[in-house]
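Reviewing the structure listed below.
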Amino acid sequence: MAQIGQVLVDVPTMQTNDPYSYAIPAELEQQVQLGMRVTVPFGRGHRVVSGVVVGLSDGTNFDGQLKPIASVLDLAPVLNEELRQLADWLADQTYAFRITCIQTMLPNLLKAQTAREIKPTTELSPAEMAQYFPDGAPREFDTSKLDDKTMAGLLRLQRAGKVEVTYQVTSKATAKTVTGILPAQSIDELKAHQDAVVKRAPKQAKLLAYLQTLSPTTPVAQSRVSHDTGVSAAVITAAEAKGWLVKQPIEVYRDPFQRPVTPTAPLTLNTAQQTAVTAITQAIDEQQSQNFLVEGVTGSGKTEVYLQSIAVALDQGRTALMLVPEIALTPQMVNRVKARFGHRVAVLHSGLSKGEQYDEWRRIDRGEATVVVGARSAVFAPVKNLGIIIMDEEHESSYKQDENPRYHARDVALWRGRYHHCPVVLGSATPSLETRARASKGLYTRLLLAKRVNDHPLPTVHVVDMREALKQQGESDFSEPLLTAIQARLDRHEQVVLMLNRRGYSSFVMCRDCGFVLKCPNCDISLTLHMDTHTMKCHYCGHEEAIPHVCPNCHSRKIRYYGTGTQKVEQALQQLVPTARILRMDVDSTRRKGAHEKILRQFGQHEADILLGTQMIAKGLDFPDVTLVGVLNADTALGLPDFRASERTFQLLTQVSGRAGRADKPGEVYIQTFNPDHYAIELAKDQDYERFFVTEMHMRHQGNYPPYYFAVQVTASHEDEATAAKAMYQIVAAVKKGLSANAIVLGPTPKAIARVKRKYYYQVVIKYKHEPQLKSVLEQIRQAAQIPARHGLSVTIDPEPMNFM
DNA sequence: AGCACGCCGACT
DNA sequence: GTCGGCGTGCTC
């Protein structure tokens, strides 16, 4: 039996990034297992923290006095061998702390909370007691909630031994239970009681008869007993008091999708789909970690390929993991999978309550669910024996986490595919350049679904030159051709989807006399006008203030709104087409839980003619009566300082175009733009992904961007601009020393938005092809950043950032 | 992170 | 003289 446990303590610092050794006390020897969470004493004093056992051994390199593990938080390990290895790999790849990676991999509920409590000892005088403990009871000891004077006083008492601080580590993970019933006496005894009361108390007799039919070991839910016998809870409680039965809690799962689904059978595949399924099936059969790119336009039946591939894996007794972007994880989508695989499906996403997430996670962990559907973090689901991993819409940027650990779910999926010797299927109509380039190099097998199922024609796409529209009709968000097209749909009772490219797109306030623009006091950006709350808001830090009526700079009254927000567009549109019923979908109208779904349902039931919204309407919704899609501002994203601007624009336009005319009615798309000649817009008009890929690869080659180069972004931030800049210059100097002449160093430069939440941001981007030293240089920077972190300087390392420049 | 130790200025 | 400010090192 192992004497020593290697524990990663829940203290995210560089010094505790390696496990610490703890003695395993005899009484815990039977309990402690690899991958379990424990609590351990840490530091001087009586501080207790949680940690995870990542190793068991008989010896240790540490030559001090070992402390013992204090308690075990789990009955079963929460991290298996695979996930422990994955955590190490993830920490190494993303320059994040090991414990941070583990926290990310586990459901929220398993994150242990530490609470401190302060209580009086017998030494405390009555006067002090009255001052600090007016209730006479121990009080919560939270540094952030107590004022300085009370804090100082309590700390002085603590030094004098008059009060005592105790630590508690609590895991909120609780299984939901319902009351269960077990017969507590033999059938004969129960029968005797039944005979005795049958005349007098018919309900009791009924219950006694029922108890005789139950197994003495498997509890039955009390609600079930009531339902079956028609006996009330009071009678059951009375029976418990008489010793006829005992109550025992039964663990139940919180099922987030309890609505019944109608089962579906596999659909007949067309040739391209069949070829794809056959290729994937072969990889599953041969247990190969071969990876695929399924490239198919909207409506080409990718989902059916996924579902039938999953079925193959399940038939072989293996499991499946299917990742979809958060925004596409709608009940319709989930029901489609549940309809095929029923109760074997578990769903993981942030819309579930923490309890629901935990229950789904346990179902997966116990092997009760063998198909997992979920967004980014579901890539860490504790599925064993994976037979296939699918990542739909693989180009979606939401697969990259924008906080530590800055992982890309695609990389994790590929890692797990290698671990399980199973195929990873990446699917998209507009694959990311990285993925498509890897397919060209033969790293992924490319499976093309060129045709739409049922041979629906692709919509006709018109590009409207807004420079011309501006000359002819003056300033308006709606060009003449688009308006005409909208009016035609209204006359025919067909539906319209209008999309605003929200990036860099909002209404701000500017003074017409002096040009003053209202800015956020904390961040380096203009405040956005919100008509619903009648306030000016900062989209970065949440700062909010009143709408000015007088210019704060020159006191002119000519302060007006500029730009276009969805709300303003909605008003303008309503004036242009007064009879239209318009639904607006944006961050403001979907903030409430379920609002998103409600708007889509209303639109699907024809309660509105026009759906106006931001990017979120481009993803995955499918309404047969939508025959017109309009993009009001196709190019606002093109102007952003981002090397993926063209790629994003092309993907968005292609995707939103796919929303038009999916049924028997032909679709039309209008793209309004000030850059009609830009290749991203021209090629989106032609819906020519291949040419876009070739053109954009050429641009990336010219600019030395990914996928031709790897990239790492290092950011330093501080409240004082000079401090941030100075730190960045030192980092750049250190980096340059370790790099070859082939690496390209961009910076240091201030970030595009140089100030956010009162902090200034400086960055450097390193582009490289092969730099064996880079990793150790970055590790040194991480180490070195530990000391100035005390003074408010934070340094972050982002491998393969989603945008830079 | 959070606690102790240690070194400096301003008070009973 | 001491109390308490915060800057620094360390936690198996």
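Numbered from 1 within each chain, the chains take letters A, B, ... in sequence-line order. Here the structure is a predicted model, which means the values were calculated and not measured. No hydrogens, no waters, no symmetry mates; every other heavy atom, side chains included, goes into these values.
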Determine whether A:Ile24 and A:Ile4 satisfy the following criterion, side chain to side chain contact (heavy atoms under 4.5 Å, CB included), listing intermediate values before the conclusion.
CA-CA 5 Å; A:Ile24 300 172; A:Ile4 291 164; 5.8 Å; no
Run the ring-centre check on A:Tyr407 versus A:Phe380 and record whether the distance is less than 6.0 Å.
yes
Could you tell me the separation between the CG atom of A:Asn17 and the CZ atom of A:Phe97, rounded to the nearest 0.5 Å?
6.5 Å
Length of the CG-P vector between A:Asp58 and C:dC12, whole Å:
21 Å
Under a 4.0 Å N-O cut-off, is there an ion pair linking A:Lys759 with A:Glu721?
no
Listing time: all N or O pairs from protein to nucleotides 9-11 of chain C that are below 3.5 Å?
{"unit_1": "C:dG9", "atom_1": "O6", "unit_2": "A:Arg790", "atom_2": "NH2", "d": "2.2"}
{"unit_1": "C:dG9", "atom_1": "N2", "unit_2": "A:Arg44", "atom_2": "NH2", "d": "2.7"}
{"unit_1": "C:dT11", "atom_1": "O3'", "unit_2": "A:Gly43", "atom_2": "N", "d": "3.0"}

Have a look at A:Gln6 and say if it touches a base, only the backbone sugar-phosphate, or nothing, with a 4.0 Å heavy-atom cut-off.
nothing
A:Asp10 with A:Lys111: basic N within carboxylate O range, under 4.0 Å:
no
Does C:dC6 have OP1 or OP2 under 4.0 Å away from a side-chain N or O of A:His791?
no
